[in-house]
Amino acid sequence: MSLDNCDDDHDDDRPETPPEEDCCGSGCTPCVFDVHKTLLREWESRKTRARAKPAGNLLSLLSYKAFVVANVSDTSEDYILLCLEHPDSKIESNVSLRLTPGQYVMLHSWSKSRPYTPIAWTQRSLVLLVKLYKHGEFSLLLKNAPIGSAINVRGPYGDFKYERNSFRQVVMFSIGSGIAALYPVAKAIVDDEAELTRVHLVAGFRSVEHVPLKKELSHLADYWNFKCTLQLSQLNDKTVYLHGFNINAGRLCKALLANYLRSNDTETSLILICGTSEFNQSTKEWLQEMNYAHIHIFE
């Protein structure tokens with residue numbers, strides 16, 4: 001079928017213009033001509049959508065795409081922020097970098113591949129939170145990657161989808177780099193002015209010095225529907241007051257989870273979990289014992 005024939009099909013669907021005598025002149029609301037205008041606008045909108053090209057993604061699920069290192073910066077004692085940009089500044093208008101909060105991508109370079117969750121992105125760039133491990137060769141290579149060097153990216157992956165105002169509260173539990181999956185979800189909820197959902201992020205770390213994204217989380221804490229609790233296994237003399245944070249001592253355990261959830265309804269709360277495999281499994285089992293119905297784990 002040719003494009004001309006497609007247009008003919010749409011023309012056949014065009015709302016028929018009512019004859020002048022169909023208007024009684026009594027000021028009816030709506031008048032038949034007002035109804036015709038509405039139907040015509042809807043028809044034109046359908047016709048435009050049918051002609052439009054499908055939106056393209058700079059990322060691919062099946063093949064790696066080349067990005068370049070635009071910036072590397074420290075965000076805590078053992079975390080960095082890595083900004084990658086698409087090298088082509090001339091991109092078609094209907095093509096951009098598309099992913100949803102909580103999804104992850106695969107990075108490939110130096111004959112190695114690792115998964116990372118973007119914490120922020122634009123139409124042609126993404127920002128990744130990278131934890132530096134003492135013997136982690138890939139993370140150290142990323143930290144020392146020269147500006148302009150190439151990193152291959154494939155994705156995005158992950159099936160988590162959140163619908164606006166689908167829960168009264170979202171409670172998030174993470175340890176370590178698991179915060180990378182939860183932060184963009186929290187930010188998307190807080191940034192949506194139509195959202196009435198409250199978000200409580202409980203993030204476990206060794207100490208304040210090891211907490212990444214302090215500035216970003218503090219900014220979210222300025223909003224009425226976001227609260228952040230730092231659960232620190234080591235409190236020391238360097239632990240200071242941080243704007244927007246509740247700071248508690250000890251590792252996340254069943255008793256602490258029950259305490260954080262004591263005022264929440266099990267049917268109207270969404271619980272999000274991200275950490276080590278052991279942490280994820282234990283937390284899920286505790287929540288199921290507490291009869292929470294909506295639980296999602298970012299693996």
Side-chain angles (χ1 to χ4, degrees), residues 55 57-59 61 96-106 115-123 125-129 153-204 212-213 216-231 244-245 252 257 260-261 263-277 279-281 283-288 290-299:
N57 197 341
L58 285 178
L59 298 175
L61 295 172
S96 64
L97 195 152
R98 302 176 189 278
L99 67 161
T100 58
Q103 288 188 307
Y104 68 94
V105 296
M106 295 296 299
Y116 289 96
T117 303
I119 63 164
W121 53 91
T122 67
Q123 291 186 337
S125 68
L126 48 83
V127 178
L128 307 169
L129 178 67
V153 183
R154 174 166 57 86
Y157 306 101
D159 58 358
F160 175 74
K161 293 181 180 179
Y162 172 82
E163 295 184 9
R164 174 191 289 169
N165 290 318
S166 51
F167 296 92
R168 289 184 181 177
Q169 52 273 322
V170 177
V171 185
M172 306 174 170
F173 294 104
S174 73
I175 59 172
S177 57
I179 195 173
L182 304 184
Y183 168 76
V185 177
K187 187 176 188 303
I189 294 173
V190 172
D191 284 347
D192 188 344
E193 294 183 355
E195 270 286 2
L196 301 176
T197 301
R198 293 180 178 271
V199 178
H200 185 187
L201 170 61
V202 182
L213 307 177
E216 291 82 357
L217 292 169
S218 179
H219 174 72
L220 292 186
D222 287 334
Y223 290 82
W224 68 272
N225 59 335
F226 180 81
K227 179 170 66 173
C228 182
T229 298
L230 298 179
Q231 194 69 45
F245 296 90
L252 279 171
L257 257 69
Y260 289 132
L261 295 168
S263 60
N264 291 351
D265 180 76
T266 57
E267 293 295 329
T268 60
S269 298
L270 171 63
I271 313 297
L272 303 181
I273 309 167
C274 193
T276 63
S277 297
F279 172 81
N280 293 347
Q281 185 59 35
T283 305
K284 179 182 178 181
E285 292 174 359
W286 297 334
L287 292 166
Q288 288 175 335
M290 299 174 197
N291 297 317
Y292 277 88
H294 308 287
I295 303 170
H296 182 86
I297 297 177
F298 294 89
E299 302 288 356

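Values below: every heavy atom of this structure, side chains too, minus hydrogens, waters and symmetry copies.
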Student: Could you tell me which residues satisfy salt bridge (charged side-chain N to carboxylate O under 4.0 Å, His left out) with Asp265, sequence neighbours excluded, listed by chain and number?
Tutor: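 Partners of Asp265 by the salt bridge (charged side-chain N to carboxylate O under 4.0 Å, His left out) criterion come out as none, since no residue qualifies.
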Student: Taking Gln103 for its side chain and Thr117 for its backbone only, find out whether a donor-acceptor pair lies under 3.5 Å.
Tutor: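 Flag not set: sc Gln103 to bb Thr117 has no pair under 3.5 Å.
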Student: What pairs of donor and acceptor atoms, side-chain ones from residues 216-228 against any protein atom, are under 3.5 angstrom apart with sequence neighbours left out?
Tutor:
from	atom 1	to	atom 2	distance (Å)
Ser218	OG	His243	O	3.3
Asp222	OD1	His243	NE2	2.8
Asn225	ND2	Thr197	O	3.0

Student: Are the side chains of Tyr292 and Leu261 in touch, meaning some heavy atoms are under 4.5 Å apart?
Tutor: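 Tyr292 reaches Leu261 side chain to side chain.
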Student: Under the salt bridge (Lys or Arg N to Asp or Glu O under 4.0 Å) definition, can you give me all pairs with a residue in residues 290-299, not counting sequence neighbours?
Tutor: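 Sorted result for residues 290-299: empty, none.
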Student: Restricting to non-hydrogen atoms, name the atom on Ala203 and the atom on Ile179 that form the minimum distance, rounded to 0.1 Å.
Tutor: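 For Ala203 and Ile179, the tightest heavy-atom pair comes out as CB-CD1, 4.1 Å.
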Student: If you define the side chain from C-beta out and look only at heavy atoms, does anything of Pro156 sit under 4.5 Å from Asn57?
Tutor: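 Answer yes - side chains close enough.
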Student: Any heavy-atom pair between the side chains of Leu129 and Tyr116 that's under 4.5 Å?
Tutor: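 SC-SC contact between Tyr116 and Leu129 ruled out.
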Student: Can you find a pair of side-chain heavy atoms, one from Phe167 and one from Thr268, that are under 4.5 Å apart?
Tutor: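 When only atoms from C-beta onward are counted, Thr268 and Phe167 do not touch, as no gap falls below 4.5 Å.
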Student: For a 4.5 angstrom cut-off between non-hydrogen side-chain atoms, does Gln231 reach Phe173?
Tutor: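 No - every pair of side-chain heavy atoms lies 4.5 Å or more apart.
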Student: Can you list everything that forms a ring-ring contact (aromatic ring centres under 6.0 Å, His included) with His296? Sequence neighbours excluded, please.
Tutor: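 For His296 the ring-ring contact (aromatic ring centres under 6.0 Å, His included) partners, ignoring immediate neighbours, are Phe160, Phe298.
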Student: What is the ring orientation for Tyr260 with His200, classed by angle as parallel under 30°, tilted 30 to 60°, or perpendicular over 60°?
Tutor: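 Geometry flag for His200 against Tyr260: perpendicular rings.
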Student: Can you sort out the partners of Arg164 under salt bridge (charged side-chain N to carboxylate O under 4.0 Å, His left out), two or more places apart, ordered by chain and number?
Tutor: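 Asp192.
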Student: Taking the side chain as every heavy atom from C-beta outward, state whether Thr283 and Ile295 have any pair of such atoms under 4.5 Å apart.
Tutor: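 They are not in contact (no side-chain heavy atoms under 4.5 Å apart), so the answer is no.
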Student: Go through the structure and list residues passing ring-ring contact (aromatic ring centres under 6.0 Å, His included) with Tyr162, not counting sequence neighbours.
Tutor: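 In terms of ring-ring contact (aromatic ring centres under 6.0 Å, His included), with neighbours along the sequence ignored, Tyr162 is linked to no residue.
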Student: Can you name the nearest heavy-atom pair linking Leu97 to Ser125, along with the distance?
Tutor: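 Taking Leu97 first and Ser125 second, the nearest heavy atoms are CD1-O, 3.9 Å.
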